[in-house]
Structure formats: C-alpha cells, structure tokens
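Before any comments, here is the structure.
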Protein chains: 2
Amino acid sequence: MSKAINLQQKTALLRQFFRLEGRAPSYTEMLTLFGYRSKNAVHGLLARLQQAGYIRKNRGKLALTTRITGMVKLLGAVQAGFPSPAEEELVDTINLEEFLVRRPEATYMLTVSGDSMVDAGIHPGDIILVEKGVTPQPHDIVVAQVDDEWTIKYFEQDNQGVRLVPANAKYKAIHPKRSLTIGGIVRAVIRKY
Amino acid sequence: MSKAINLQQKTALLRQFFRLEGRAPSYTEMLTLFGYRSKNAVHGLLARLQQAGYIRKNRGKLALTTRITGMVKLLGAVQAGFPSPAEEELVDTINLEEFLVRRPEATYMLTVSGDSMVDAGIHPGDIILVEKGVTPQPHDIVVAQVDDEWTIKYFEQDNQGVRLVPANAKYKAIHPKRSLTIGGIVRAVIRKY
DNA sequence: ATTATAACTGAACGAACGTTCAGTTTCAAT
DNA sequence: ATTGAAACTGAACGTTCGTTCAGTTATAAT
C-alpha cells in the first residue's frame with residue numbers, strides 16, 4: 001500500500017538516547033538519531049509513535065512513556081531460549097516502578113529484620129515495598145505495630161478480632177491487646193544478589 | 001549569612017510535576033511551579049539543584065536524575081515509625097530500576113516455574129531479573145540449559161567440572177553431560193502481591 | 001504500467017527556549 | 001545599624017524549538 005517503517009527500530013534508538021542522556025531528544029537531535037534530513041519526517045514519526053503509545057505530548061512538549069524509559073526486557077518463557085543481540089529489538093520492555101508501585105506517594109521501601117515470615121518466602125535482609133493508607137484485607141501481609149513493637153505478619157480476622165499470623169512454626173499468632181497500628185500492607189518482596 | 005532556601009521542598013514539586021507530566025518542566029513552567037517571577041530565579045535554583053545532584057544538564061537541556069524520578073521512598077528502620085504526610089518532604093526516594101538493574105541492555109525479566117529453588121526463597125510464580133553475558137561465579141544462581149532443559153540452580157564447581165545445585169531436598173545436583181548453556185545469572189527475585 | 005498512499009525533503013514561521021546583565025530585596029552575622 | 005552575601009526581579013538577547021506547507025520519493029496494490 002505504501003512505505004512501511006519499523007517502529008521498534010526507532011523505539012530502540014529512543015531508548016538508547018534516553019539511557020544515555022536521561023531525557024527525551026529534541027527534533028533536531030532526532031534528525032541525526034533517526035537519520036532523517038527533514039524535521040517534518042521527525043514530526044510524522046512522532047505522530048505514529050504517539051498513536052502506538054510510545055510517547056505522549058502536552059503543550060508541544062514530548063514525554064516518553066514507560067514503554068521507552070523502562071529498563072527491563074520482558075521474556076515470556078525461558079523455554080524459547082534467550083534472545084540474541086540481533087533480535088533484541090523485538091523484545092518489549094517494562095518499567096519496574098510502574099510494575100511494582102501503584103501509589104508512588106504512599107509506597108515505602110524497607111528492609112526485613114526477623115524470620116517471622118520465612119515460610120512465606122520473606123527472609124531477613126529482603127526488601128519489601130509497603131503501601132500506606134490501605135485497609136488491609138484478610139490474608140494480606142501487613143507491617144504492624146503491636147503493643148509498641150513492629151512486625152510483619154499475615155493480617156487475619158476471627159471472632160476475637162484481628163489476628164496477626166506469622167509464617168514460621170516457631171512463632172504463634174498474636175491478638176493485639178493494648179494497641180494495633182497498621183503501617184501498611186506489603187505489596188512486593190525484593191531480594192537482590 | 002544570607003537567604004537560605006529549602007531544596008527538598010523544590011524537589012518535591014519537581015517530583016510532583018514529573019509524575020503528572022512524565023517530563024521535566026521548562027523554565028517558564030517552573031516560574032509557576034516554584035512561584036517565582038523571574039526566570040533568573042529559576043536559573044539560580046537549577047544551579048543549586050545541579051550541585052546537589054538532583055538534576056543534570058547537557059546542551060542547555062535539563063535532565064532529571066533518578067533522585068527526582070524515583071518513585072519509592074526510602075525508610076531506614078520501621079522502628080522509627082512511618083512518616084506522616086507532613087514530614088514526607090524529608091524522605092529521599094529511590095529508583096527501583098537503577099537499584100536493581102546494573103546493565104539494562106542485558107537484563108531480562110521472567111517468571112519462575114518449578115520448585116527447585118524454594119529453599120533459597122525462590123518460589124514458583126516469582127519473578128527473577130536475569131543478567132546475560134556475565135561469567136557465573138560459584139554460589140551464583142544461574143538460569144541454565146542442561147541437556148535441552150532450562151532450569152534455575154546454584155552454579156558450583158568441583159573436580160568433575162560444573163555442578164548445578166538445586167535448593168530443594170527433593171532434587172539432586174546435576175553434572176551437565178552433553179551440553180550446558182548459561183542463560184544468565186539471577187540478579188534479583190521479585191514477588192508481587 | 002498506473003495509481004494511491006504513506007514517508008519523506010526543504011524551507012519558512014512565530015513562539016518559546018535558556019542565558020545574561022544590572023539592579024533590588026532579603027536575611028543573618030557583626 | 002551596618003555590612004555581606006545569597007536570592008531574587010525585570011528586561012533583553014540570540015538560539016532553538018516544534019509546526020506548517022508545498023512538493024518529491026518510495027512502496028504496494030491494482
């Protein structure tokens with residue numbers, strides 16, 4: 001029907017520029033980046049990129065979406081094998097923050113101390129992302145202050161009220177006596193090697 | 001000695017703008033953002049922000065660092081209690097991608113299937129970040145293709161050569177017979193609730 | 001071979017950009 | 001009260017910005 005261009009090739013270049021400079025390129029910079037000789041070519045390409053959801057615009061200003069600024073490449077199944085550098089252009093990327101954080105303004109990162117949740121795969125030294133200001137539901141993992149002590153536990157409820165259950169046979173469930181403050185609920189666990 | 005301004009208050013405004021617009025504001029936009037009446041005031045502020053490491057500049061163009069674009073607030077110890085909205089300005093933020101990914105161009109995300117590493121806290125359904133093209137060291141966790149099958153194991157070496165050790169008593173260590181391909185080494189484990 | 005359409009060139013445009021300068025205000029130390 | 005330095009105002013500047021237009025080239029279907 002007409003000329004067809006490879007958007008993924010262009011997004012790879014945008015990604016590369018962003019990683020290097022930490023910002024979106026200007027039209028003039030995109031001339032050399034994409035190998036165009038007319039700014040109108042850039043203009044047209046950006047329109048296509050916007051339609052495809054790679055970029056956004058407001059007030060004539062360009063904003064890259066997380067599909068460009070995301071660092072981590074998605075891999076469906078390992079069975080298919082790891083991509084070679086040649087076919088890396090075909091892989092989509094994801095932004096870890098957008099993936100893990102729902103409400104940035106209410107999310108905190110802290111390090112786990114204690115082994116009360118080891119059977120749930122939360123080990124001492126692990127990092128957890130905690131979201132504040134959410135009402136915990138049963139089976140949620142919460143960071144809670146019970147009787148002046150902070151712990152990580154499963155949030156459960158029974159006829160005695162709130163019950164905080166550890167994931168470690170060494171410890172027993174707690175029924176808060178004097179006070180209970182929920183710091184937040186655990187949204188993600190991260191372990192870095 | 002002179003007028004002292006609160007940089008953290010300004011960075012909070014920058015952070016807010018970036019979350020909303022997905023890009024850095026222009027000088028004119030910063031006039032209203034910071035409440036200045038002269039662009040020179042913006043110019044001076046940016047100089048201070050650059051010196052403090054919050055922003056970078058190249059070719060007259062502004063680039064926000066991950067100290068601004070990072071979403072997650074750092075929390076030292078839970079014992080100190082969770083910050084209230086009023087004191088949130090005092091908290092520093094971190095960028096999860098920068099924190100977890102060393103070489104973006106070589107890092108892939110995939111989902112764990114199988115329970116060969118449960119005793120190392122890696123459960124089925126967990127997400128791992130795998131870095132390609134790194135020579136594995138003993139005790140590293142690797143994604144490897146042994147005799148046509150992909151698995152996650154500890155990478156070890158003994159007098160018989162490479163030994164792939166699971167973290168599950170149900171399985172035994174493997175000495176690759178026909179072939180061994182290292183897909184990459186596991187840099188991080190993520191579990192999302 | 002012709003046609004239709006998308007992608008591109010090249011030039012022009014006003015608007016917005018970031019920087020600079022001289023002068024003023026603000027604040028803390030003396 | 002005076003001084004010194006940092007923070008700011010207001011205006012001006014050349015540069016670069018993103019957009020637009022008319023025209024050309026490339027590609028795929030007919």
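Only this structure's heavy atoms are used, side chains among them; waters, hydrogens and symmetry mates stay out. No experiment lies behind these values; they were computed from the predicted model shown.
B/Arg59 and A/Glu21 are not joined by a salt bridge, as no carboxylate oxygen comes within less than 4.0 angstrom of a charged side-chain nitrogen.
Atom CG in A/Leu62 sits roughly 12 Å away from atom P in D/dC17 (whole-Å rounding). The distance between atom CG of A/Asn40 and atom C1' of D/dG23, rounded to the nearest whole Å, is 11 Å. Atom CG of B/Leu46 is separated from atom P of D/dC8 by 12 Å (rounded to the nearest Å). The CG atom of A/Asn58 sits 11 Å away from the P atom of D/dT19 (whole-angstrom rounding). Atoms CZ (A/Arg59) and P (D/dC17) sit 16 Å apart, rounded to a whole Å. Atom CD of A/Glu29 is separated from atom P of D/dT15 by 18 Å (rounded to the nearest Å). Atoms CD (B/Gln9) and P (D/dA7) sit 14 Å apart, rounded to a whole Å. With rounding to whole Å, B/Gln51 atom CD is found 15 Å from D/dA7 atom C1'.
The shortest distance between the side-chain N/O atoms of B/Ser26 and the OP1/OP2 oxygens of C/dC17 is below 4.0 Å. When the side-chain nitrogen and oxygen atoms of A/Arg48 are compared with OP1 and OP2 of C/dA7, one or more of them lie within a distance under 4.0 Å. Between C/dT19 and B/Lys57, a contact under 4.0 Å exists linking OP1 or OP2 to a side-chain N or O. Taking only side-chain nitrogens and oxygens, B/Arg37 never comes nearer than 4.0 Å to OP1 or OP2 of D/dC8. Proximity of B/Lys61 to the phosphate of C/dC17: no side-chain N or O atom is located under 4.0 Å from OP1 or OP2. The side chain of B/His43 contributes no N or O atom lying less than 4.0 Å from OP1 or OP2 of C/dG18. Between A/Tyr27 and D/dG18, a side-chain N or O to OP1/OP2 separation shorter than 4.0 Å is absent.
Among the atoms of the strands shown, none is found under 4.0 Å from any heavy atom of B/Gly44. Among the atoms of the strands shown, base atoms are found under 4.0 Å from some heavy atom of B/Lys39.
DNA chain D is contacted by both A/Thr28 and A/Ser38; A/Thr28 maps to the nucleotide lying nearer its 5′ end (nearest heavy atom per residue).
A distance of 9.0 Å separates CZ in A/Phe155 from OG1 in A/Thr135, rounded to the nearest 0.5 Å. Interatomic distance, A/Phe17 CZ to A/Met30 CE, rounded to the nearest 0.5 Å: 8.5 Å.
Side chain of A/Asp126 to main chain of A/Val189: no donor-acceptor pair is present (N/O by atom type, distance under 3.5 Å, no hydrogens or angles).
When each of A/Lys73, A/Arg19, A/Arg15 is checked for a side-chain contact (heavy atoms from CB on, under 4.5 Å) with B/Pro104, only A/Arg19 meets the rule.
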